Peer 1: 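I am attaching a structure below and will ask some questions about it afterwards.
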Amino acid sequence: MDKPLFSLLKSYAEDDVIRMHMPGHKGNALPFFADNAKYDITEIPGFDNLHNPEGVLLSSMKLAAKLWGSDNAYYLVNGSTCGILAGIRATVKRGQKVLVARNCHKSVFNALEICGAQVKFIMPPFIGKWGIFGSIRPADIEKALKNDKNISLIILTSPTYEGVISDIRSICKIAHSYGCPVLVDEAHGAHLSFMGEVNNAVSAGADIVVQSLHKTLSCPTQTAICHVSEKLKEKASHQLSVFETSSPSYILLCAIDEFIRHISKDMSIFNLWKKALAEFYDEMQNLEKLEIIGVFADDNTDFYAYDKSKIAVSVKKADITAADLFNVLREKYRIEPEMMGENHGLLMTGTGDGEKSLSRLSAALVEIDRACECKQRREAESFSFENNSFLSLCDAVEADNDLVELQNAEGRICAEYVWAYPPGVPVIVPGEVITKEFCESVNNSKLRLISDSGRIPLEILVVTDK
Ligand SMILES: Cc1ncc(COP(=O)(O)O)c(C=O)c1O
């Protein structure tokens, strides 16, 4: 039972067996996939079943639960997206009220739509100095729960895309005192507990924690894990079966199993990564114009904690745009960043990084910093939000809709999402009323706005007037 999945797949691949089962390539694929096709099988006897694990997958998931300290761990091959959809569907009944951090990922909004939930938003503080959101404040959670006894779930993201961690321990304590479970989207924080960060959501007591294994750990794209408390196990495992593909890839599962078994014996990759980051941040103390947000994180009370594996380079004090920084890093230094926004660029590190990549990055940033001049710092602009839902997300999306000119949309109920980048937050969601202030903000905004219809700032989808 305890054999690694890879040794089972290897012996099957080496066996002279005629494969009269899916997938259709039968282990013989075209060049790109040829080397691994022999390991790409379906759920044949001896290989367990992700939807009803009893063998090699169950033993691997038990090992993962032990490593993270959770009651139950479930492997996902459809990304954190699948865990978020399943976790929310498992905890929210149709029409129930959910308290949601406004800066959540798209998958959270999609799940709330599927559940027909009523949504109450909570806003993290916007930090004008950096142009990103800070941590969700426990006091704001307490206030919301005190004012509304019908909240059935709290959903928040920690760490955020930019590395901002919230005080999940205090939030869980408050939520649980009101009998309310907490779901944490920790897609960007699967590594936290192994890096000695005490503010990780599993140990802080969250009821459901969803982590991408591909964002910061050495696992392939689409792999993720969902940690579920014993109390929610039955409902969550049913919903995972609803959202997870019925043909999970053994290549992805084997890569997860191999990684989990590796770190259960040897955590040195985390120590190497930590050491490389510490050296990198030491070098970054000397920058004069570029600013690494992580360097200043301890001084900012809007950050409860900060994940320094995220390297967010602010250009607010330097006479270079984020786009130019992006181009110089790519073209001159052959460093490919994760994302460039208006005020900062984001470089992500992971277990695959070591001294070499981080010292090359620090040398490049020091050189670029020297070549820059100082510029006057400007506070970043925030969008004004109003939580004025008239219809639930679900009702607004299901209703008939019309595309109207923004100038004629005031007072109408919005039927689509409009996202502002960065930091990637919906400035309006289906069901909210379009106000004069919203239209003015869209017209004056320098942020990149994206809507489902692709027509913003000219037109917007609204619910048809009956
Ligand atoms: C905060 C956050 N949550 C969830 C997701 C979805 O994760 P996945 O791509 O593993 O489905 C993302 C993806 O970028 C994300 O940034």
Side-chain angles (χ1 to χ4, degrees), residues 1-65 67 72-86 89 107 110 187 190 210-226 228 236-266 269 336 350-352:
M1 270 317 181
D2 245 6
K3 248 188 169 176
L5 187 50
F6 184 47
S7 66
L8 289 174
L9 286 171
K10 201 157 172 281
S11 57
Y12 187 66
E14 284 163 4
D15 195 354
D16 181 27
V17 63
I18 302 290
R19 300 184 177 201
M20 283 296 163
H21 59 71
M22 292 187 282
H25 58 64
K26 310 296 176 124
N28 309 303
L30 294 174
F32 175 71
F33 188 37
D35 286 348
N36 287 313
K38 55 184 179 288
Y39 304 123
D40 186 34
I41 59 160
T42 186
E43 291 112 323
I44 52 176
F47 286 86
D48 211 358
N49 183 330
L50 187 61
H51 289 266
N52 185 23
E54 293 175 332
V56 64
L57 295 177
L58 181 65
S59 74
S60 187
M61 294 194 289
K62 280 192 166 166
L63 181 58
L67 278 172
N72 303 282
Y74 297 89
Y75 291 163
L76 313 173
V77 292
N78 298 19
S80 283
T81 298
C82 167
I84 289 168
L85 291 168
R89 186 77 182 94
S107 53
N110 292 341
V210 185
Q211 302 168 326
S212 293
L213 297 177
H214 64 95
K215 292 192 196 300
T216 54
L217 304 184
S218 304
C219 289
T221 300
Q222 283 191 212
T223 57
I225 193 163
C226 182
V228 180
S237 64
H238 169 67
Q239 291 301 333
L240 284 166
S241 263
V242 171
F243 291 101
E244 188 106 63
T245 170
S246 61
S247 310
S249 158
Y250 269 86
I251 293 194
L252 298 182
L253 290 170
C254 185
I256 301 177
D257 182 57
E258 194 176 34
F259 182 76
I260 296 300
R261 287 181 195 275
H262 176 82
I263 61 167
S264 72
K265 295 195 193 96
D266 178 3
I269 41 173
E336 192 71 47
T351 40

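Just so you know, these numbers come straight off a predicted model, no measurement behind them. The first residue in the sequence is number 1, and the count goes up from there.
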Peer 1: Side-chain contact, heavy-atom cut-off 4.5 Å: Ile269 with Phe259?
Peer 2: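 Side-chain contact under 4.5 Å: yes.
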Peer 1: Rounded to the nearest 0.5 Å, how far apart are CD1 of Ile263 and CG of Leu217?
Peer 2: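 Output value for this atom pair is 6.5 Å.
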Peer 1: From Glu258 CD over to Leu9 CG, what is the distance, rounded to the nearest 0.5 angstrom?
Peer 2: 10.5 Å
Peer 1: Between Asn49 and Glu54, is any pair of side-chain heavy atoms under 4.5 Å apart?
Peer 2: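 A side-chain contact is absent here, since even the closest heavy-atom pair is not under 4.5 Å.
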Peer 1: Do you know which two heavy atoms are closest between Pro53 and Met61, and how far apart they sit?
Peer 2: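 Pro53 and Met61 have their closest heavy atoms at CG-CE, 3.4 Å.
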Peer 1: Ignoring hydrogens and geometry, is there a side-chain-to-backbone donor-acceptor pair from Glu244 to Val77 under 3.5 Å?
Peer 2: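 Looks like yes, one N/O pair under 3.5 Å.
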Peer 1: Is there a donor-acceptor contact under 3.5 Å from the side chain of Asn72 to the main chain of Val228?
Peer 2: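 Such a contact is found between Asn72 side chain and Val228 backbone.
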Peer 1: About how many Å separate CD1 of Ile44 and CE of Met22, when rounded to the nearest 0.5 Å?
Peer 2: 11.5 Å
Peer 1: How far apart are the C-alpha atoms of Glu43 and Asp48, what are their side-chain angles, what is the distance that settles it, and do they pass the side-chain contact (heavy atoms from CB on, under 4.5 Å) test?
Peer 2: CA-CA 6 Å; Glu43 291 112 323; Asp48 211 358; over 6 Å; no
Peer 1: Exactly one of Phe6, Tyr12, Phe33, Phe47 should register a ring pair (Phe, Tyr, Trp, His ring centres under 6.0 Å) with Tyr39. Which one does?
Peer 2: Phe6
Peer 1: Using a 4.5 Å cut-off on heavy atoms from C-beta on, say whether the side chain of Lys38 contacts that of His25.
Peer 2: no
Peer 1: Measure across Ala224 and Ser80 and return the closest heavy-atom pair with its distance rounded to 0.1 Å.
Peer 2: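 Closest approach of Ala224 to Ser80: CB-N, 3.4 Å.
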Peer 1: Can you tell me how far CD1 of Ile41 sits from NZ of Lys26, rounded to the nearest 0.5 angstrom?
Peer 2: 13.0 Å
Peer 1: Can you find a pair of side-chain heavy atoms, one from Leu5 and one from Leu57, that are under 4.5 Å apart?
Peer 2: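 The answer is yes, as the side chains (C-beta and beyond) meet within the 4.5 Å cut-off.
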Peer 1: Testing the basics here: between Ser264 and Leu67, what is the closest heavy-atom pair and its distance to 0.1 Å?
Peer 2: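 Minimum heavy-atom separation between Ser264 and Leu67: CA-CD2, 3.9 Å.
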Peer 1: If I compare all heavy atoms of Ala190 with all of Ser212, which pair ends up nearest, and what's the gap?
Peer 2: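 Where Ala190 meets Ser212 most closely, the heavy atoms are CB-O, 3.4 Å.
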Peer 1: Could you tell me whether the side chain of Asn78 and the main chain of Phe243 form a donor-acceptor pair under 3.5 Å?
Peer 2: yes
Peer 1: Is there a donor in the side chain of His214 and an acceptor in the side chain of Thr221, or the other way round, less than 3.5 Å apart?
Peer 2: no
Peer 1: Would you give the length of the straight line joining atom CD1 of Ile260 to atom CG of Leu213, rounded to the nearest 0.5 angstrom?
Peer 2: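 Ile260 CD1 to Leu213 CG: 6.0 Å, rounded to 0.5 Å.
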Peer 1: Would you indicate whether the side-chain heavy atoms of Ser249 and Gln222 approach each other to under 4.5 Å?
Peer 2: no
Peer 1: Could you go step by step and tell me if Thr42 and His21 meet the side chain to side chain donor-acceptor pair (under 3.5 Å) rule?
Peer 2: CA-CA 7 Å; Thr42 186; His21 59 71; 6.0 Å; no
Peer 1: Tell me, do Arg261 and Ser60 make a side-chain contact under 4.5 Å, heavy atoms counted?
Peer 2: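 Of all side-chain heavy-atom pairs linking Ser60 with Arg261, at least one is under 4.5 Å.
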Peer 1: For residues Thr216 and Thr351, determine if any side-chain heavy atom of one lies less than 4.5 Å from a side-chain heavy atom of the other.
Peer 2: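 No; the side chains remain at least 4.5 Å from each other.
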Peer 1: Could you tell me the separation between the NZ atom of Lys10 and the SG atom of Cys254, rounded to the nearest 0.5 Å?
Peer 2: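 That separation rounds to 11.5 Å.
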Peer 1: If you take all heavy atoms of Val56 and Gly46, which pair is closest and at what distance?
Peer 2: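 Closest approach of Val56 to Gly46: CG1-O, 4.5 Å.
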Peer 1: Any side-chain donor paired with an acceptor under 3.5 Å for Tyr75 and Thr223?
Peer 2: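 Tyr75 vs Thr223: no donor-acceptor pair found between side chains.
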Peer 1: Please step through side-chain contact (heavy atoms from CB on, under 4.5 Å) for the pair Ile256 and Leu252, ending with a clear verdict.
Peer 2: CA-CA 6 Å; Ile256 301 177; Leu252 298 182; 5.5 Å; no
Peer 1: Within the 4.5 Å heavy-atom criterion, are Arg89 and Val242 side-chain neighbours or not?
Peer 2: no
Peer 1: Which pair of heavy atoms, one from His51 and one from Ser246, lies closest together, and at what distance?
Peer 2: NE2-CA, 3.8 Å
Peer 1: side-chain contact (heavy atoms from CB on, under 4.5 Å) for Ile225 and Leu76? Distances and angles first, verdict last.
Peer 2: CA-CA 5 Å; Ile225 193 163; Leu76 313 173; 5.7 Å; no
